[in-house]
Amino acid sequence: MTPTFRTSQPVSAADPSKPHMILVGLPGSGKSTVGPAVAKCLTRSFLDLDREIERRCGQTVAEIFAEMGEAHFRTLERQLTEELREVGNMILAPGGGWVTNAEVVRLIRPPGQLVYLRVTPETALRRLGQMRATRPLLTRPDPLAQLRRLLAERRGAYEAADHVVDTELLDLQRVIDKVADLAAGRRGG
Ligand code: S3P
């Protein structure tokens with residue numbers, strides 16, 4: 001049975017013969033802002049994996065972490081990724097930790113293409129602002145230290161993406177344009 005997702009555009013537009021583009025990076029790197037804008041620009045579907053997990057569970061990610069633990073959340077990420085193998089051509093934004101499970105990444109890459117939105121922990125924290133409260137891994141007393149630790153642990157996985165877009169020195173529109181160029185197969189954007 002074809003899985004159903006609540007995407008920005010009908011899933012019928014999600015051509016299984018075409019690869020997904022998957023945005024990865026720290027919380028605050030801009031995945032959930034850049035993703036929908038790129039999808040709109042290219043008339044592709046966008047799916048935020050965290051929002052889809054929340055929709056299906058009827059609970060926020062913070063509630064899932066608190067009640068069932070991080071391991072359960074990672075299982076839900078894996079299950080959703082398995083379903084995404086059945087469709088293609090979407091712009092996907094998984095949570096920042098999705099990329100750390102190589103087995104899960106291998107479910108859709110290749111042919112999926114990973115784009116790393118690189119950001120420093122300082123900028124990520126500034127961009128998150130009040131939204132930090134919704135990230136269970138960042139509600140501890142020193143969120144900057146926590147983001148630095150996450151980056152140190154994940155850098156290898158992030159940098160192994162097919163493309164890296166450094167968001168530090170670019171305004172949002174430039175980041176969107178660059179990712180859209182990559183997603184459309186226009187190199188050097
Ligand atoms: C996580 C990032 C969050 C969310 C969960 C765990 C992580 O998503 O999936 O809180 O491990 O970095 P964002 O990257 O959208 O904040």
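For ligands, and for the atoms within them, numbers begin at 1 and follow the listed sequence.
Salt-bridge check for E82 with R85: failed, with every basic side-chain N at 4.0 Å or more from each acidic carboxylate O. Salt-bridge annotation for R55 and E52: present, with a side-chain N of the basic residue lying under 4.0 Å from a carboxylate O of the acidic one. The pair D48-K31 does not count as a salt bridge, with every side-chain nitrogen at least 4.0 angstrom from each carboxylate oxygen. One finds no salt bridge joining E122 and R126 here, because no Lys/Arg side-chain nitrogen approaches an Asp/Glu carboxylate oxygen to under 4.0 Å.
Two residues are said to be in side-chain contact when any heavy atoms from C-beta on lie closer than 4.5 Å; R56 and L76 fail this criterion.
Annotation: atom 12 (O) of ligand 1 to nearest protein heavy atom, R154 NH1, 2.7 Å. For atom 5 (C) of ligand 1, the closest non-hydrogen atom of the protein is V61 CG1, 3.8 Å. Here the heavy atom of the protein found nearest to atom 10 (O) of ligand 1 is P136 CD, 3.3 Å. Closest to atom 2 (C) of ligand 1 among all protein heavy atoms lies G96 N, 3.4 Å. Among protein heavy atoms, atom 8 (O) of ligand 1 sits closest to D50 OD2, 2.9 Å.
The atoms of ligand 1 that sit less than 4.0 Å from any heavy atom of G97 are 7 (C), 11 (O), 12 (O). Close approach of ligand 1 to L137 is summarised as follows: ligand atoms under 4.0 Å from at least one heavy atom of the residue are 7 (C), 11 (O). Atoms of ligand 1 lying under 4.0 Å from any heavy atom of P27, numbered from 1 in the order shown and given with element: 2 (C), 12 (O), 14 (O), 16 (O).
Of the heavy atoms in F73, only side-chain atoms (C-beta onward) come closer than 4.0 Å to ligand 1. Within the 4.0 Å heavy-atom criterion, neither part of L49 lies near ligand 1.
Counting all heavy atoms, side chain and backbone alike, R140 lies closest to R149 at NH1-NH2, 3.9 Å. Of all the heavy atoms in R78 and N101, the pair that sits closest is NH2-ND2, 4.0 Å.
Checked against V165 for a side-chain contact (heavy atoms from CB on, under 4.5 Å), the options R118, R174, K178 give a single hit: K178.
Considering backbone and side-chain atoms together, T134 places no N or O closer than 3.5 Å to any N or O of ligand 1. Taking distance alone, with nitrogen or oxygen atoms compared against 3.5 Å, L150 stays at or beyond that limit from ligand 1.
By heavy-atom distance, the residue among E70, R74, R135, E77 lying nearest atom 6 (C) of ligand 1 is R74.
Using bins of under 30°, 30° to 60° and over 60° for the plane-to-plane angle, the ring pair F65/F73 lands in the tilted bin.
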